[in-house]
Amino acid sequence: MEAATMAWTAAVAGLGLVYWFVWVMGAAEVKGKRGVDLKMGSITDDKVKDKYTQYWSFFRAPKETAATAASAEKVPAFVDTFYNLVTDIYEWGWGQSFHFSPALPGRSDRDATRVHEERVADLLKAKPGHRLLDVGCGVGGPMRAIAAHSGSKVVGITINEYQVNRARSHNRKAGLDSQCEVVCGNFMAMPFDDASFDAAYSIEATCHAPKLQDVYAEVFRVLKPGALYVSYEWVTTALYRADDPAHVEAIHGIERGDALPGLRHYDEIASIAKEVGFEVVQEIDLALPPSLPWWTRLKMGRFAYWRNSLVVRVLTLLRIAPKGVVEVHEMLFETAQHLTVGGETGIFSPMHMVVLRKPAADESK
């Protein structure tokens, strides 16, 4: 009887493990990356912990990272390090689109993400024959959605070589590699000719720039006269109070955990766009009512958090995942809490949208 009980217990445990590693971790086609395949980008396993420590030390005081020209110059390298550290975890836990979107009644998170991305294509009036620029494309989730929706060709740029390879792999699997191109480079000094794109967009990417003017000026340069540019910006809102310690802690937590050299206030965006020569066609915060909360996905239950944390710890213990993954996972969980506070209090928005236009040639004379 005792032997039968032990055998039954072992069978249940075995089934539980299979369930855990297949369902919890999810298939790569669904969740972007299997937990057992987690890597830290192009960082070798023995360097992960050191790179994480260097990253955390650099961004511990976000506003100071762009306070001087010397420190601002270091930001792109540390943003590259950040995406080496987090890209696989993002794909595993979030998917191939590294951004937020307002929840939609009765629709899945994936549907909400797609609608948020397709909105960009519609605003740009993108169509077959157009060449679009994705400024800060990540692993290309939005790029593929916009290319499929509009029929346009899309060129994406990311500073991270590992993301370039991931995006190209996803493009091939989606059958969109002839329509989507990915380039490794700095969006503040892009390797593209003047007036070579019909339209451009950035989805929660320009927040990594020490000076927004540098990105916008480059986008302005590569756009054809009369072309449109849509950007979803991370900003502090009118509700943010710099003299409120709770507000400051939430915003600093977002900056530290997302490789940001200081969030901009919402009322800076349009003036910066005008400064580099753009016309502001539309400006609206897509996070405001009647939009539903964008932070719903971040509000993980205690079980879900400990489940994922346990998976990461076990994989590290078994040396399937490199040392340092646990610390990166903890950082992202803490950052998610700060983002949730930012959303619930209304002091932060990841989708302050501007639609900009480069004046036509005859208008600029």
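Nothing here was measured: the structure is a model prediction, and the numbers come from that model.
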Contacts table for residues 99-107: side-chain donor-acceptor under 3.5 angstrom, sequence neighbours left out:
from : atom 1 : to   : atom 2 : distance (Å)
H99  : NE2    : E117 : OE2    : 2.7
R107 : NE     : D111 : OD2    : 3.4

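- Ion pairing between E161 and R166 fails under the 4.0 Å rule for side-chain N and carboxylate O.
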Side-chain donor-acceptor pairs under 3.5 Å in residues 287-294, sequence neighbours left out?
from : atom 1 : to   : atom 2 : distance (Å)
S291 : OG     : L286 : O      : 2.7
S291 : OG     : L288 : O      : 3.3

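- Here Y52 contributes atom OH and E330 contributes atom CD; the two are 8.5 Å apart, rounded to the nearest 0.5 Å.
- Between R264 and E233 there is no salt bridge, since none of the side-chain N atoms of the basic residue sits less than 4.0 Å from a carboxylate O of the acidic one.
- E268 contributes a side-chain N or O that, together with a main-chain N or O of H265, makes up a donor-acceptor pair within less than 3.5 Å.
- The residues R297 and D109 are annotated as salt-bridged, a charged nitrogen and a carboxylate oxygen being separated by less than 4.0 angstrom.
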Residues 191-203, side-chain donor-acceptor partners within the protein, below 3.5 Å, at least two apart:
from : atom 1 : to   : atom 2 : distance (Å)
D194 : OD1    : R221 : NH1    : 2.7
S196 : OG     : D193 : O      : 2.7
D198 : OD1    : K224 : NZ     : 2.9
D198 : OD2    : R131 : N      : 2.8
Y201 : OH     : D134 : OD2    : 2.8
S202 : OG     : Y229 : OH     : 2.7
S202 : OG     : S231 : OG     : 2.6

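- Between the side chain of K358 and the main chain of F220, a donor-acceptor pair closer than 3.5 Å is present.
- Annotation: F348 is not in aromatic contact with H338 [ring centroid separation under 6.0 Å not met].
- Under the 4.5 angstrom side-chain criterion for Ile, Leu, Val, Met, Phe, Trp and Tyr, V341 has no cluster partners at all.
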Side chain to side chain contact (heavy atoms under 4.5 Å, CB included) evaluation trace for V120 with I146 | CA-CA 8 Å; V120 171; I146 288 170; 4.1 Å; yes
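- To the nearest 0.5 Å, atoms CZ (F59) and CZ (R256) are separated by 12.0 Å.
- Using a 4.5 Å heavy-atom cutoff, the side chains of F278 and L223 are in contact.
- Here the side chains of M353 and E283 are not in contact, with every heavy-atom distance at 4.5 Å or above.
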For residues 40-47, tabulate all N or O donor-acceptor pairs below 3.5 Å that involve a side-chain atom, not counting sequence neighbours.
from : atom 1 : to  : atom 2 : distance (Å)
S42  : OG     : N84 : OD1    : 3.2
S42  : OG     : N84 : ND2    : 3.4
T44  : OG1    : D46 : OD1    : 2.7

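- Side chain of E279 to backbone of P359: no donor-acceptor contact under 3.5 angstrom is found.
- Contacts of E344 classified as salt bridge (charged side-chain N to carboxylate O under 4.0 Å, His left out), with partners at least two apart in sequence or in another chain: K299.
- The shortest side-chain heavy-atom distance between Y162 and V139 does not fall under the 4.5 Å cut-off.
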